[in-house]
2 protein chains.
Amino acid sequence: MATIHDVARISGYSLGTVSNVINHPQNVAPATRARVEAVMADLDYTPNANARNLSLGHNRNIGVVLPNSTLPYFAHIIDGIMQAAFPTGYRITLLPTNYDENQELQYLRELQQKSYAGLIFVSRQIALAQLQSQSAGHQLVVCEDVGDVALSSVYTDRLPTYEDAFRWIQKQGYRDVAVLTQRSPADSQTSADLVTAYRSVFGHDLPDDRLRLGVMTARDGYDVAQYFMTAHAPVDFIFANGDDIAAGVYLAYHDAKREMPGLLGTENQLTSRLLKFPTINHHLSTIGHVAFNLAVRAGVRHQLIKSDFLVH
Amino acid sequence: MATIHDVARISGYSLGTVSNVINHPQNVAPATRARVEAVMADLDYTPNANARNLSLGHNRNIGVVLPNSTLPYFAHIIDGIMQAAFPTGYRITLLPTNYDENQELQYLRELQQKSYAGLIFVSRQIALAQLQSQSAGHQLVVCEDVGDVALSSVYTDRLPTYEDAFRWIQKQGYRDVAVLTQRSPADSQTSADLVTAYRSVFGHDLPDDRLRLGVMTARDGYDVAQYFMTAHAPVDFIFANGDDIAAGVYLAYHDAKREMPGLLGTENQLTSRLLKFPTINHHLSTIGHVAFNLAVRAGVRHQLIKSDFLVH
DNA sequence: TTGAAAGCGCTAACAT
DNA sequence: ATGTTAGCGCTTTCAA
């Protein structure tokens, strides 16, 4: 493949001049410029991005840190990031962690080595404080509410939306509500908000045996439904952390020919529309969009994306 | 951030030695190595990937070319690619095309400039022949059956599976079958296979007004269903190009309180399980997996992934 | 307006 | 076993 040397040699101009027609065309005589450009077209020349980045000391890559997972949650955020990145010419590199903290640290180091112009942590294991300490002057964004931590962030106001949802559930006359989540309230703000919202609406703590952890997929939903069907105290409503998961629960009750409890999901509006249960729209694609914009802009900024409770 | 110069200076060894402890540790005395590594840890040093790649003349990035689209089809393939890439240390860069041929050409040029170790075309606009001519000696893989073209490929044996599906439809007694696709049979092998399979099973061509093009999303499915509901010759079966699309059709008939036609989708096993209609599993994640492996291996190879017709 | 040369951080001969 | 040096392809002073 042709290098800048080739176009210099063939066009008869110097390296510096060719570089100028690429980067500062206004500083070169129109005739020269035309001739150089002709040669470049002729050779099908494109600058070597690596060399250019090394010389410049920066690049236009944004790394997206996420567990390697097929969850729709991530797919939607990635999609939003891609949509936002495309018109800007930035490239998106997928950085899977496999839930390994050391892997995250490695990506952070690569950020400091300027392998990336910015890093979006869609999910993280590493402590926020550590993230912040590593981020001095760098473009780092986290997809969650970070409170006072000096880290750019996009997040949703889950609490009021969860309260809306629980109020609706209560008004429908449901009494025995179960909640499915991935992580425990101690490990995840989302789960913590969930139990807080429950308490504020129902006036008492969510019973331990009504909070089921480790639920991530439709299959998990199917399995956890078995638990409730065989528990001696049946539930009449299941608040699932995802429409697909709610669908898994639906299937389990359906297959068992048991009376269907009330159901609620999040994100996938198609499934919940089909099954006519309410859902919460977290506007994941918008979150991705905003995350990208924060990553390429200087300074720490926090942005709230409002989520909606939706009855079909 | 620390460079290799810093660790050389601070450890008291030369550039070459430090480089050796990174790249050829067996060529350096254990004591030296230990001391250099201590300094590297101390400085939290990580090699600058850009510089290294430039020097080496290659890197471990695989570009994935795809329209910037949120379709589950792409999400599943990307997921397979990521899963396969992670343990190898290769990085995945998303390369959206916006269906623009020039954008695809640009990525090809970047491949030749060694910006990528390989390119996976999940979808393409550019002609196969042109792809091939640009790919001399490079790692290029295409996610479709390329016939005799000397380009690595992963593809599914759609035709026999489509025939299985049409035979099943016929055996159920359906007579008036409609088919939904994204692109016309002239533009897309998938669509061509579809009409071929129809003909071979039913013994006649699929009537023009039974083949609806431009269908991509659940909403499209909903809209196209309106067409069939108002057409003077109603259909009794709709073969949709995706479970979500089939679900859109389902909703439309359901909302209109019309008699539900037979339905078939592809890919999303959850929706089709919920609605109990048959589907086709194209094993998209496997396709991604194989595509990655082909991209990092030398030589042209073709790999067939068998798809399955599934009745729930 | 154009050219010459230094340097980005690293690797891999080649010397010692 | 370790050090020295050229060079990867490019950008950007600085001179002419």
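Proteins come first, then strands; the chains are lettered A, B, ... in the order of their sequence lines, and each starts at number 1.
In summary, A:Glu144 and A:Arg124 engage in a salt bridge, as defined by a charged side-chain N under 4.0 Å from a carboxylate O. A salt bridge is defined here as a Lys NZ or Arg NE, NH1 or NH2 lying under 4.0 Å from an Asp or Glu carboxylate O, and A:Glu110 with B:Arg91 meets this definition.
For the pair B:Leu54 CG and D:dC10 C1', the computed distance is 8 Å after rounding to whole Å. The interatomic distance linking B:Asn50 (CG) with C:dT11 (P) rounds to 12 Å, in whole Å. B:Arg52 places its CZ atom 21 Å from the P atom of D:dC10, with the value rounded to the nearest Å. Nucleotide C:dT11 holds its P atom 14 Å from the CG atom of B:Asn59, rounded to whole Å. Atoms NE2 (A:His58) and P (C:dG9) sit 14 Å apart, rounded to a whole Å. Separating the CG atom of B:Asn48 from the P atom of D:dC10 is a distance of 17 Å, rounded to the nearest angstrom. We find that OH of A:Tyr13 is positioned 12 Å from P of C:dT1, with the value rounded to whole Å. Taking atom CD1 of A:Ile4 as the reference point, atom P of D:dG9 lies 11 Å away to the nearest angstrom.
A:Tyr45 and B:Arg109 form no side-chain donor-acceptor contact under 3.5 Å, judged by distance and modelled atom types alone. For the residue pair B:His76 and B:Ser285, no side-chain donor N or O sits within less than 3.5 Å of a side-chain acceptor on the partner.
In this structure, B:Ser14 reaches the D:dG3 phosphate: one of its side-chain N or O atoms is under 4.0 Å from OP1 or OP2. Dashed line: the shortest gap from a side-chain N or O of A:Thr32 to OP1 or OP2 of C:dT2 is under 4.0 Å.
Sequence order on DNA chain C of the closest nucleotides to B:His24 and B:Ala51 puts B:Ala51 first from the 5' end.
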